[in-house]
J.: 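I have a structure here, written as structure tokens, and I will follow up with some questions on it.
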2 protein chains.
Amino acid sequence: MDSIVEKQRKKNENYLKLQQTLLVKSILDESCILNQSLSLIANKWTLLILMALMQGTKRNSELLRQINGISPKMLTQTLKSLITYGMVTRKVFPEVPPRVEYALTEFGISTADPLMALLNWSVSWEEQVTKLYKETFL
Amino acid sequence: MDSIVEKQRKKNENYLKLQQTLLVKSILDESCILNQSLSLIANKWTLLILMALMQGTKRNSELLRQINGISPKMLTQTLKSLITYGMVTRKVFPEVPPRVEYALTEFGISTADPLMALLNWSVSWEEQVTKLYKETFL
DNA sequence: CGGTATCCTAGGCGATACTG
DNA sequence: CAGTATCGCCTAGGATACCG
């Protein structure tokens, strides 16, 4: 575990790095690289599917059961886009009844990095975030 | 700079950490903490405003000029939500003509952590991300 | 200068029903 | 089991015009 001082140092480091990056890359544009990547993963179910598949290969029905509230349509739809993104692979077994397995590609697995950072941030500001979410969206 | 081997180790670490977290926290829900925090920052202009303010205190007109494509309405609207989120402060100077300055709070600055992680990921998969973004949204 | 108010549209998302 | 097809809502976001 990092000490508090260490965490503070890291925080300022990232703050300064972002400032520098701003000067180098033109990212104050609606199609900046940050918005581009966000638009790929910031959908209602994308995260949840990625997270579920981090546990390993899963079938359609497993995902349907484990992801709370998702409909078959949205599951298929989101999986489709994840496949075209190259984040998920789809493997069909020619059996009766049919069996289809979904798994993460290397690209899909790589999303664990930003997601972990977001999770760490979310947890360290959890009270604030949850309060705001409730007030704003519920 | 980390070596390639070191980067690979870190990647697997995050992958495994996420797996473990899944077991502990119930995050396969549409109001999981990850989706909650994403819903706060994953809007079209939120990121850009946060990034712009990482450079320091700014006036309304400065933001309007620096953020490519944003309309006055969306700037005000997004700033408002950022203020209720406690990420941005608004300071009015009683002058003529009026002057208003926006700055990041500690909470706002803290978003540099997940944003930096997302930026690192975006850059290391830039070719892929940009290609997908173009195909999907343009 | 720094906002509001009003109207409008595209598309994300849901519900329901049907197929191989 | 693992999908498609259809319809329809709702709201984020844009255009435009008007205050203090």
Side-chain angles (χ1 to χ4, degrees), chain A residues 29-32 35 38-49 52-53 57-85 88-103 132-133 135-138, chain B residues 29-32 35 38-49 52-53 57-85 88-103 132-133 135-138:
Chain A
D29 186 282
E30 63 180 295
S31 61
C32 75
N35 264 345
L38 259 192
S39 65
L40 295 183
I41 60 170
N43 308 298
K44 183 162 185 182
W45 302 110
T46 303
L47 273 187
L48 299 180
I49 293 179
L53 290 179
T57 299
K58 292 242 166 82
R59 302 181 58 174
N60 189 307
S61 49
E62 290 181 276
L63 291 170
L64 213 48
R65 238 179 298 116
Q66 291 184 11
I67 301 176
N68 213 318
I70 196 169
S71 71
K73 177 197 157 186
M74 287 315 295
L75 178 58
T76 306
Q77 186 173 307
T78 312
L79 279 171
K80 253 188 187 170
S81 61
L82 285 174
I83 290 165
T84 67
Y85 292 171
V88 169
T89 57
R90 179 177 187 270
K91 191 172 179 188
V92 185
F93 295 83
E95 307 171 358
V96 179
R99 184 159 60 103
V100 180
E101 285 186 352
Y102 295 95
L132 289 172
Y133 179 79
E135 289 173 1
T136 316
F137 303 100
L138 301 184
Chain B
D29 186 282
E30 62 182 295
S31 62
C32 74
N35 263 348
L38 258 193
S39 65
L40 294 183
I41 59 170
N43 309 298
K44 183 162 184 181
W45 302 109
T46 303
L47 273 186
L48 299 179
I49 293 179
L53 290 179
T57 300
K58 292 242 166 85
R59 301 181 59 173
N60 189 307
S61 47
E62 290 180 276
L63 291 171
L64 213 48
R65 239 178 299 114
Q66 292 183 11
I67 301 176
N68 213 318
I70 196 169
S71 70
K73 177 199 159 186
M74 288 313 296
L75 177 58
T76 307
Q77 186 173 309
T78 311
L79 279 171
K80 253 189 186 169
S81 61
L82 285 175
I83 290 166
T84 67
Y85 293 169
V88 168
T89 57
R90 180 177 186 270
K91 192 172 180 187
V92 185
F93 296 84
E95 307 172 357
V96 179
R99 184 158 59 103
V100 181
E101 285 185 353
Y102 296 96
L132 289 171
Y133 179 79
E135 289 173 1
T136 315
F137 302 101
L138 301 184

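The basis for the numbers below is simple: all heavy atoms, side chains too, and nothing from hydrogens, waters or symmetry mates. As the structure is a computational prediction, the values presented were derived from the model and not from experiment.
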J.: Let me confirm one number: the CD-CG distance from A:Q77 to A:L79, rounded to the nearest 0.5 Å.
T.: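 A:Q77 atom CD to A:L79 atom CG measures 10.5 Å (nearest 0.5 Å).
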
J.: Between B:L64 (CG) and D:dG14 (P), how many Å, whole number?
T.: 13 Å

J.: Does A:S71 reach a base, just sugar-phosphate, or nothing at all? Heavy atoms under 4.0 Å.
T.: nothing

J.: If you find the nucleotide of DNA chain C closest to A:N43 and the one closest to A:P98, which residue's nucleotide is nearer the 5' end?
T.: A:N43

J.: Between A:N60 and D:dG3, is there a side-chain N or O to OP1/OP2 distance below 4.0 Å?
T.: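 The answer is yes; a side-chain N or O of A:N60 sits under 4.0 Å from OP1 or OP2.
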
J.: Is there side-chain contact between A:V92 and A:P98, with heavy atoms separated by less than 4.5 Å?
T.: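 When only atoms from C-beta onward are counted, A:P98 and A:V92 do not touch, as no gap falls below 4.5 Å.
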
J.: Is B:T78 close to B:N43 at the side-chain level, that is, under 4.5 Å between some pair of heavy atoms?
T.: no

J.: Does a side-chain heavy-atom distance below 4.5 Å link A:I70 with A:L48?
T.: no

J.: Mind checking B:K73 for me? I need base, sugar-phosphate or nothing, with any heavy atom below 4.0 Å counting as a touch.
T.: base

J.: Taking the side chain as every heavy atom from C-beta outward, state whether B:T136 and A:T84 have any pair of such atoms under 4.5 Å apart.
T.: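 No, side chains not in contact.
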
J.: Do B:Y133 and A:N35 make a side-chain contact, defined as non-hydrogen atoms from C-beta onward lying under 4.5 Å apart?
T.: no

J.: Check every strand shown and say whether A:Y102 touches a base, only sugar-phosphate, or nothing at a heavy-atom separation below 4.0 Å.
T.: sugar-phosphate

J.: Side-chain contact, heavy-atom cut-off 4.5 Å: B:Y102 with B:I83?
T.: yes

J.: Where do A:L38 and B:A42 come nearest, in terms of heavy atoms and distance?
T.: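 Taking A:L38 first and B:A42 second, the nearest heavy atoms are CD1-CA, 4.1 Å.
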
J.: What's the CZ-P distance between B:F137 and D:dG13, to the nearest Å?
T.: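 To the nearest whole Å, that distance equals 13 Å.
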
J.: Under 4.0 Å between any heavy atoms, over every strand shown, what does B:P72 touch: base, sugar-phosphate, or nothing? Just pick one.
T.: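 Here B:P72 touches no strand at all.
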
J.: Expressed in angstrom and rounded to an integer, what is the separation of B:M74 atom CE from D:dT11 atom C1'?
T.: 11 Å

J.: Whole angstrom is fine here: how far is it from CD1 in A:I83 over to P in D:dA2?
T.: 13 Å

J.: Tell me whether the OP1 or OP2 atom of D:dG3 has a side-chain N or O from A:R90 closer than 4.0 Å.
T.: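 A:R90 to D:dG3 OP1/OP2: side-chain N or O found under 4.0 Å.
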
J.: Walk along DNA chain C from 5' to 3' and tell me the first and last nucleotide with an atom closer than 4.0 Å to a non-hydrogen atom of chain A.
T.: C:dC13 to C:dG20

J.: If you measure from NZ on B:K80 to CG on B:L75, what distance do you get to the nearest 0.5 Å?
T.: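 B:K80 atom NZ to B:L75 atom CG measures 12.0 Å (nearest 0.5 Å).
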
J.: To the nearest 10°, let me know how far the axis at one end of the helix from C:dC1-D:dG20 to C:dG20-D:dC1 is tilted from the axis at the other, five pairs an end.
T.: 40°

J.: Considering only side-chain heavy atoms of B:K44, which listed nucleotide, D:dG13, D:dG3, D:dC1, is closest?
T.: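 Taking heavy atoms from C-beta onward, the closest nucleotide is D:dG13.
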
J.: Both A:K80 and B:Q77 contact DNA chain D. Which one's nearest nucleotide lies toward the 5' end?
T.: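 Closest to the 5' end, via its nearest nucleotide, is A:K80.
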
J.: Tell me whether the side-chain N/O atoms of A:R59 come closer than 4.0 Å to OP1 or OP2 in D:dA2.
T.: yes

